[in-house]
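We name chains A, B, ... by the order of the sequence lines, and we start the count at 1 in each one. Every value quoted in this text rests on a predicted model; they were computed, and no experiment measured them.
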Amino acid sequence: MSQRIKIKALLESEQTNIEVTVKGWVRAFRQNRFIALNDGSTNNNIQIVVDFENTDPNLLKRITFGAAIRVTGELIPSLGQGQKVEITAKEIEILGDCNPEEYPLQPKKQSLEFLRENAHLRFRTNTFGSIFRVRNSLSFAVHTFFQERGFVYLHTPIITASDAEGAGETFHVTNFDLANPPKIDNGEIDFKQDFFGRATNLTVSGQLEGELGAMALSDIYTFGPTFRAENSNTTRHLAEFWMIEPEMAFYDLEDNMDLAEELLKYVISYALKNNAEDIEFLNQRLTEEEKQKPQQERSDMSLLEKLQFCLDNDFQRLTYTEAIDILKESTPNKKKKFQYPIEGWGTDLQSEHERYLVEKHFKKPVILTDYPKAIKAFYMRQNEPDAQGRETVRAMDILFPGIGEMVGGSQREERLEKLEQRMDEMGIPKEELWWYLDTRRFGACPHAGFGLGFERLVQFVTGMGNIRDVIPFPRFPKNAEF
RNA sequence: UCCUGAGUAGCUCAGCCGGUUAGAGCAUCUGACUGUUAAUCAGAGGGUCGCUGGUUCGAGCCCAGCCUCAGGAGCCA
């Protein structure tokens with residue numbers, strides 16, 4: 001009966017007066033008598049009661065904040081108030097000492113900035129324990145959602161040869177001695193001699209390869225890391241982030257939006273069900289944080305309310321053109337409160353405009369469709385020009401309160417001539433993407449897909465304000481410490 | 001990359017008009033207490049004031065450059 005039991009199971013145990021063994025890390029040691037022990041299975045600690053009068057004082061001294069210990073003892077109904085059960089220790093073994101004078105963490109609230117600098121230890125806090133358990137659930141739910149619908153999980157490459165999509169600055173992948181790369185006559189680096197015989201980089205998106213899969217398997221999704229070497233210093237960007245990119249044959253934009261909305265609701269509801277304690281904890285945390293803010297900046301909904309609200313309401317769908325009309329007539333635009341006033345049709349929306357639509361006007365997630373062709377990617381399906389000759393594409397962005405763009409997707413241009421024409425206009429090298437164009441040459445069909453930024457989803461569900469706090473080891477400009 | 005703000009003890013922060021030995025709370029250590037759960041009480045230790053240079057009789061404080069962090073913007077997911 002010395003097999004270790006996880007604390008979560010123990011706290012839910014119906015049985016008492018049995019001998020149990022727990023292993024975990026000390027979160028508190030009060031009055032030389034009460035150990036609060038945590039093993040990461042839940043934020044709740046099990047209380048260990050130590051008979052300190054009959055315990056070696058040298059052992060007692062080693063029960064410090066952060067130390068790893070094993071305890072064998074009897075699980076009994078608690079004699080105190082704060083918990084249902086507790087363990088009276090019969091045997092305590094120190095598995096790993098933790099010198100409190102050197103240990104960076106302290107048994108008190110510590111700032112997220114400080115914990116970010118100690119990302120190797122921050123898992124040991126309640127906040128990050130909750131975040132990463134929720135992240136785990138969301139990740140599992142994404143797979144469950146697609147698997148239940150017959151999608152094939154397709155592993156697209158991490159190393160790619162082209163940045164043809166133009167989704168952003170890439171990180172180069174090379175085997176060259178950087179101090180002395182081989183060069184050709186005109187002084188340029190000779191990538192023919194590099195590992196792959198050509199210039200390569202880390203992927204910025206698996207979409208193009210995903211489309212290849214969808215053109216045979218019908219419905220595929222990718223879920224993997226992507227890399228952008230943009231010098232972005234914001235609470236919503238990372239240099240390395242995880243993206244979910246489904247791609248579906250025979251889907252049009254409506255089908256695409258339906259799937260995205262369904263997916264988001266599915267995974268949020270999964271987390272609410274399976275991580276109720278963690279989300280409740282994060283909800284409390286956020287509520288406390290909100291209290292520190294001035295009245296005006298406070299959110300009118302708690303985290304739990306926001307999540308539930310998102311499940312209970314259809315996302316608001318409207319076209320870019322309709323959005324522009326709303327924004328043009330909006331109070332902040334008329335009162336010149338926007339930093340970028342709405343001039344007319346054709347320019348991209350600024351965050352302040354998106355935020356107005358989502359947070360003020362509709363007060364729920366919004367799906368914007370049919371953006372101007374000029375501001376969107378080459379592979380998006382072109383609409384017929386409207387009565388006024390304005391050209392749009394079948395794009396859709398899902399905007400979330402507090403997060404901004406959560407999903408970006410489109411129906412793809414399946415017509416070869418239209419696609420090639422657009423690539424020429426935008427200066428995209430067709431010869432590099434010959435394999436992509438082949439899908440339009442051989443058995444082309446209408447299809448659609450989208451990209452969902454996984455960390456932004458985790459941000460929304462955990463209520464965390466900075467994206468660097470929802471990925472275990474964030475990569476951002478000037479930081480790759482851990 | 002741009003704008004704004006910040007960097008002082010292990011952590012969170014105060015530090016007036018430039019002036020003697022740089023403070024507080026928490027944490028840590030020592031002792032007391034012992035059914036606590038943000039334990040309590042008493043005491044102690046702990047500082048290259050981000051870095052470099054400048055102004056000054058004198059700089060934590062003023063000036064310049066740099067570094068890092070936070071928030072906002074752009075780019076986007």
Requested in this report: Rounded to whole angstrom, note down the P distance from B:rU55 over to B:rU48.
Outcome: 26 Å

Report task. Identify whether the distance between the nearest side-chain nitrogen and carboxylate oxygen of A:K8 and A:E12 falls below 4.0 Å. Result -> yes

Query raised in the report: Does any nucleotide pair with B:rG71 by Watson-Crick or G-U wobble geometry, both distances under 3.5 Å, and what is it?
Result: B:rC3

Requested in this report: Let me know the distance between CD of A:E117 and C1' of B:rG10, rounded to the nearest Å.
Outcome: 13 Å

Report task. Indicate, with a heavy-atom threshold strictly under 4.0 Å, whether A:Q106 touches base, sugar-phosphate, or nothing. Result -> base

Requested in this report: With A:N126 as reference, evaluate A:R27, A:K109, A:R285 under the side-chain hydrogen bond (donor to acceptor under 3.5 Å, both in side chains) test and give the passing residue.
Outcome: A:R27

Query raised in the report: What is the nucleic acid contact for A:E86, judged by heavy atoms within less than 4.0 Å: base, sugar-phosphate only, or nothing?
Result: base

Query raised in the report: Between B:rA77, B:rC69, B:rU34, which nucleotide has the shortest distance from any of its atoms to the side chain of A:F52?
Result: B:rU34

Requested in this report: Figure out the CG/P separation between A:N32 and B:rA32, and round it to whole Å.
Outcome: 11 Å

Query raised in the report: CD of A:E354 versus P of B:rG74: gap in Å, rounded?
Result: 8 Å

Report task. May I ask you to verify if any side-chain N or O of A:N45 is less than 4.0 angstrom from the OP1 or OP2 atom of B:rU37? Result -> no

Query raised in the report: In terms of side-chain heavy atoms of A:P100, which of B:rG25, B:rU37, B:rC29 is nearest?
Result: B:rC29

Query - Salt-bridge contact A:R412-A:E211 (side-chain N to carboxylate O under 4.0 Å) - result: yes

Query raised in the report: Any side-chain N or O of A:S232 under 4.0 Å from OP1/OP2 of B:rC75?
Result: no

Requested in this report: Would you mind calling B:rC17 syn or anti? Take O4'-C1'-N9-C4 for purines or O4'-C1'-N1-C2 for pyrimidines, and syn is within 90° of 0.
Outcome: syn

Query raised in the report: How long is the line joining CG of A:N233 and C1' of B:rG5, in whole Å?
Result: 15 Å

Query raised in the report: Quick one: which of B:rC11, B:rG35, B:rA77 gets closest to the side chain of A:Q110?
Result: B:rC11

Query raised in the report: So what's B:rA77 paired with, Watson-Crick or G-U wobble, going by both distances under 3.5 Å?
Result: none

Query raised in the report: Which value, in whole Å, describes the distance between the P atoms of nucleotides B:rA9 and B:rU4?
Result: 27 Å

Report task. For B:rG72, take OP1 and OP2 only and decide whether either is under 4.0 Å from a side-chain N or O of A:T235. Result -> yes

Requested in this report: Using only side-chain N and O atoms of A:R236, determine if any of them is under 4.0 Å from OP1 or OP2 of B:rC75.
Outcome: no

Query raised in the report: Between B:rG50 and B:rA22, how far is it from one P atom to the other, in whole Å?
Result: 15 Å

Query raised in the report: Taking the P atom of each, how far is B:rG5 from B:rC62, in whole Å?
Result: 13 Å

Query - Euclidean distance, atom CD1 of residue A:I87 to atom P of B:rU36 [Å, nearest integer] - result: 20 Å

**Report entry** Gap between atoms NE2 and P, on A:H237 and B:rG74 respectively (whole Å)
**Finding:** 9 Å

Query raised in the report: Hey, what's the ring geometry for A:F315 with A:F400, parallel, tilted or perpendicular (30° and 60° as the breaks)?
Result: perpendicular

Report summary line: Checking N1-N3 plus N6-O4 or O6-N4 for Watson-Crick, or N1-O2 and O6-N3 for wobble, each under 3.5 Å, the partner of B:rC66 is B:rG50

Report task. Answer with base, sugar-phosphate or nothing: what part of the nucleic acid does A:L457 contact at a heavy-atom distance below 4.0 Å? Result -> nothing

Query raised in the report: Name the one of A:R317, A:R394, A:R381 that satisfies salt bridge (charged side-chain N to carboxylate O under 4.0 Å, His left out) with A:D370?
Result: A:R394

Query raised in the report: Picking from B:rC75, B:rA70, B:rA77, which would you name as closest to the side chain of A:T234?
Result: B:rC75

Query - Name of the residue among A:F454, A:F140, A:F145 meeting ring-ring contact (aromatic ring centres under 6.0 Å, His included) with A:F223 - result: A:F454

Query - Pairing nucleotide - B:rU37, Watson-Crick or G-U, each distance under 3.5 Å - result: none

Query raised in the report: Across the strands shown, which category fits A:F450 at heavy-atom distances under 4.0 angstrom: base, sugar-phosphate, nothing?
Result: nothing

Query raised in the report: Rounded to the nearest 0.5 Å, what separation is found between the CG atom of A:L115 and the CG atom of A:D469?
Result: 8.5 Å

Report summary line: By nearest-heavy-atom nucleotide on RNA chain B, the more 5' of A:F114 and A:F34 is A:F114

Query raised in the report: Reckon A:R30 has a side-chain N or O less than 4.0 Å from the OP1 or OP2 of B:rU36?
Result: no

Query raised in the report: Which is true for A:E113 with a 4.0 Å heavy-atom rule: it touches a base, it touches only sugar-phosphate, or it touches nothing?
Result: sugar-phosphate

Requested in this report: Answer yes or no: is there an ion pair linking A:R149 with A:E262, defined by an N-O contact shorter than 4.0 Å?
Outcome: yes

Query raised in the report: Between B:rG18 and B:rA59, how far is it from one C1' atom to the other, in whole Å?
Result: 6 Å

Query raised in the report: With respect to the side chain of A:R456, which nucleotide from B:rA70, B:rG35, B:rC76 is positioned closest?
Result: B:rC76

Query - Between B:rG74 (P) and A:H353 (NE2): distance, integer Å - result: 9 Å

Query raised in the report: For the pair made of CZ in A:R27 and P in B:rA27, what is the distance, rounded to whole Å?
Result: 17 Å

Query raised in the report: Taking the nucleotide of RNA chain B with the closest heavy atom to each, which residue, A:K109 or A:I467, is nearer the 5' end?
Result: A:K109

Requested in this report: With C1' as the reference atom in both, quote the distance from B:rU21 to B:rC49 in angstrom, rounded to an integer.
Outcome: 16 Å

Report summary line: Across every strand shown, the nucleotide meeting Watson-Crick or G-U wobble geometry with B:rC26 (both distances under 3.5 Å) is B:rG10

Report task. Go ahead and name the base partner of B:rC17; Watson-Crick or wobble counts if both distances stay under 3.5 Å, otherwise write none. Result -> none

Query raised in the report: Going by an N to O cut-off under 4.0 Å, is there a salt bridge joining A:E240 and A:R228?
Result: no

Query raised in the report: Does A:S111 put a side-chain nitrogen or oxygen below 4.0 Å from OP1 or OP2 of B:rC11?
Result: no

Query raised in the report: Using atom C1' of each nucleotide, how far apart are B:rG47 and B:rG60 to the nearest Å?
Result: 11 Å

**Report entry** Rounded distance in Å between the C1' positions of B:rG10 and B:rC67
**Finding:** 23 Å

Report task. Check whether any side-chain nitrogen or oxygen of A:Q350 sits under 4.0 Å from OP1 or OP2 of B:rG74, and answer yes or no. Result -> yes

Report task. Indicate, yes or no, whether a donor-acceptor pair under 3.5 Å links the base of B:rU37 to the side chain of A:Q83. Result -> yes

**Report entry** Options B:rU12, B:rG35, B:rC75, nucleotide nearest the side-chain atoms of A:E230
**Finding:** B:rC75

Report task. May I ask whether A:F454 stacks on the base of B:rA77, given the cut-offs of 5.5 Å between ring centres and 30° between planes? Result -> no

